[in-house]
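Just below is one structure, and these are the notes that go with it.
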Amino acid sequence: MHRALTFLAFGGGVTLTVAIIDQGHAAKQLLYERIFRSATLSAAILVLVILGGVALALLQGAWPAVSHFGFAFVTREIWNPVTDQFGALAPIYGTVVTSLIAMLIAVPTGFGIALFLTELCPPLLKRPIGVAVELLAAVPSIIFGIWGLFVLAPVLQRHVQPWLIANLGQLPGVGHLFKGPPYGIGILTAGIVLAIMVLPFIAATMRDVFDTVPAMLKESGYGLGATKWEVIWNVVVPHSRAGIVGGVMLGLGRALGETMAVTFVIGNAHRISSSLLAPGTTISSSIANEFTEAVGDLYTSSLIALGLLLFIITFTVIAAAQAMLRRLERRAGIGA
Amino acid sequence: MNRRALRKFTNGTFVGLSLVATLTGLACLAAILWTLVSHGLSGMSGQVFREMTPPPGSQGGLLNAIYGSAVMTLLGILIGSPIGVLAGTYLAEYGRISRLSSVVRFINDILLSAPSIIIGLFVYEVIVVRMGHFSAIAGALSLAVLAIPVTLRTTEDMLNLVPIGMKDSSAALGAYPWRTTLSVLYPAARSGIVTGLLLAIARISGETAPLLFTALNNQFWSTNLNAPMANLPVVIFQFALSPYKEWQDLAWAGALIITVTILLLSISARVILAMLQAQRGA
């Protein structure tokens, strides 16, 4: 009896100890869990804070210029650090026009590359060419800049621009776009360099989108006797319309904000010329060229206001692009 | 018959055009690489890696710029990647379908494509203005901000690829999610996460615009993180636009160094991914 009681007491003690240890262990585990969970959560929230911080910091920095010039800041062409008169119209014009030229060249070319990679390319070449296109995307923008300045600009100046001036400069309507001396550098050159830069992004996005078209749909087209192009135009393209637009907008977002490649070849002239061959400026290249040399609060603040404008423009474009690509993803998810 | 010929002709034209487009893209890559190699090799010598950036009109190297780039890239990735990995973990493990997660994903994708010059302005306003001077640490922070979205995205994608069975087994053994994440998910997704780090390094090591008004530049050797520091991209920018031949040669040499480094990083990232896929397929 005595023995049995001791045994019971001992047994109960062990259980109790185990329970206590277990409780300590569990509490510790729970603590670690809380720590880890909040660490990941705060990192995720930090991403939101950063974007909010960017917007706030730009607003704060741009405030002196915004309050001084008001809305006229975006409608005036003047940019004179000596008299402290600043307007953003020339950089906005340059940004929009260079990006437009880039899109005019890069969208059809990227479309062609994506089609070639998904529909026409022999399987053996698909990977190497795809990787080559992606490597073009990895080349830093400053490399495009010096290449544009030292290689592309002289070629354009010597061979392409004189031809444009002689042949297109006389045309009614569009002639004024190709007037003036062939500088080599300028709006057109910047547009071409930008086109080469955004080409891999557009091509890669479109390729991924085309890859989501179900083989069944395409085979049905071929089964009806359609040619490759007819399948592409009537099956692949309609099926991936949202993705194509998303890819184009993503490329546009890159082109609008691209800095270094443009800074080398734009010529940095704060004026709006009717000719595409004339030097100009863009929002980002104005900031890159002038920011460290800007003296005076209003000058610095005007450059930050340019940054704020760029932020608003690219934010809108990229957000729209993401929304479209997301819609496509969701649809592909449901389809599969 | 006429209609058939027209269809064949249209088909041939567009197939031809897409071939031309592909060749144009490849030609651009080839032209850029060729220019870099031919100009870069002529400016390349042992001096480039041994000496400091020279004053105008004299010989010199890029040692301080290479050092500065390495330090700031490393610091940038050390600060940025843990945040990216942790946030990616949250999206993949804790908040898979929460409202917060979809907002974070959306914002992250925007940060991923946001112009880097804007990140530079942000760090300038928040750090350089407060501190009163340009510094290497400000440069590193702007690079860190650029590294976060890249690592976040790859971490989330890679964690999502880990088979759900592994997670369930770990949970069935009584492990808390943090244990599962550290001991099962991270090891399983290791090569994928490393790929993300490589891509992030490749992305930030060539960035110029954000460094222009954060780290600025420094003609001399400096290891002080609280002072302006030389770095390859800004040196290339400054030297390439100068009228001095010695500077331009150094700019090309620097351009070659940066591009080769970045291409090697991207290629190794791709090789790791390809191996990963082969493994999974087997």
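Lettering of chains follows the sequences in order, A, B, ..., and the numbering in each one begins at 1. These values consider heavy atoms only, across backbone and side chains, with no hydrogens, waters or symmetry-generated copies.
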What part of B/Ile258 gets closer than 4.5 Å to chain A, counting heavy atoms only: side chain, backbone, both or neither? side chain
Measure A/Leu135 against the heavy atoms of chain B and call it side chain, backbone, both or neither at under 4.5 Å. both
Part of B/Leu216 within contact of chain A (heavy atom distance under 4.5 Å): side chain
Is it the backbone or the side chain of B/Val104 that comes under 4.5 Å from a heavy atom of chain A, or both, or neither? both
For A/Leu310, is it the side chain, the backbone, both or neither that has a heavy atom under 4.5 Å from a heavy atom of chain B? both
Nearest 0.5 Å, what's the CD1-CD1 distance between B/Ile117 and A/Ile287? 4.5 Å
Proximal component of A/Phe144, with respect to chain B [non-hydrogen, under 4.5 Å]: side chain
Would you mind checking which part of B/Leu100 comes under 4.5 Å of any heavy atom in chain A, side chain (CB onward), backbone (N, CA, C, O), both or neither? side chain
With a 4.5 angstrom heavy-atom cut-off, is it the side chain or the backbone of B/Leu36 that approaches chain A, or both, or neither? side chain
Using heavy-atom distances under 4.5 Å, tell me whether A/Arg37 contacts chain B through its side chain, its backbone, both, or neither. both
Among the options B/Thr181, B/Leu121, B/Thr89, pick out the one with the most heavy-atom pairs lying under 4.5 Å from chain A. B/Leu121
For the OG1 atom of A/Thr227 and the CZ atom of B/Arg4, what is their distance to the nearest 0.5 Å? 11.0 Å
CG (A/Leu58) and OH (B/Tyr124) are apart, to the nearest 0.5 Å, by 12.5 Å
Does any pair with a residue in residues 129-153 of chain A pass salt bridge (Lys or Arg N to Asp or Glu O under 4.0 Å), and if so which ones, sequence neighbours excluded? A/Glu134-A/Arg207, A/Glu134-B/Arg270
Report the option among B/Cys28, B/Gly206, B/Ser101, B/Ser113 that has the most heavy-atom pairs separated by less than 4.5 Å from atoms of chain A. B/Ser113
Using a 4.5 angstrom heavy-atom cutoff, name the option from A/Leu303, A/Thr109, A/Ile142, A/Val139 with the most pairs to chain B. A/Ile142
Check each atom of A/Ile143 against the heavy atoms of chain B and say whether the ones under 4.5 Å are side chain, backbone, both or neither. side chain
Below 4.5 Å from any heavy atom of chain B, which atoms of A/Val54 appear? Answer side chain, backbone, both or neither. both
The interface call for A/Ser42 against chain B, heavy-atom contacts under 4.5 Å, is neither
B/Ile110, B/Ile148, B/Val145, B/Val103 screened by side chain to side chain contact (heavy atoms under 4.5 Å, CB included) with A/Val47, the one that passes: B/Ile148
Which atoms of B/Leu182 are under 4.5 Å from chain A, going by heavy atoms: the side chain, the backbone, both sets, or neither? side chain
Evaluate the ring planes of A/Trp229 and B/Phe14, with Trp represented by its six-membered ring, and classify them as parallel (under 30°), tilted (30 to 60°) or perpendicular (over 60°). parallel
By a 4.5 Å heavy-atom criterion (distance strictly below it), what part of B/Leu152 contacts chain A: side chain, backbone, both, or neither? side chain
At a heavy-atom separation under 4.5 Å, does A/Leu152 approach chain B through its side chain, its backbone, both, or neither? neither
How long is the straight-line distance from CG of A/Leu46 back to CG of B/Leu86, given to the nearest 0.5 Å? 10.5 Å
Per-residue contact mode, B/Ala175 against chain A (heavy atom under 4.5 angstrom): neither
Is it the backbone or the side chain of A/Leu120 that comes under 4.5 Å from a heavy atom of chain B, or both, or neither? side chain
Heavy-atom distance under 4.5 Å to chain B: side chain of A/Phe150, backbone, both or neither? side chain
Inter-residue atom distance B/Ile119.CD1 - A/Phe311.CZ, 0.5 Å rounding: 8.0 Å
Is A/Thr314 close to chain B through its backbone or its side chain, or both, or neither, when contacts mean heavy atoms under 4.5 Å? side chain
Which bit of B/Ala240 is near chain A, if near means a heavy-atom gap under 4.5 Å: side chain, backbone, both or neither? both
Out of A/Leu56, A/Ile45, A/Leu30, A/Leu256, return the one with the most heavy atom pairs under 4.5 angstrom to chain B. A/Leu30
Where on B/Gln248 is there a heavy atom nearer than 4.5 Å to chain A: the side chain, the backbone, both, or neither? side chain
What part of B/Leu212 gets within 4.5 angstrom of chain A, counting heavy atoms only: side chain, backbone, both, or neither? both
Between A/Ser284 and chain B, which part of the residue has a heavy atom less than 4.5 Å away: side chain, backbone, both or neither? both
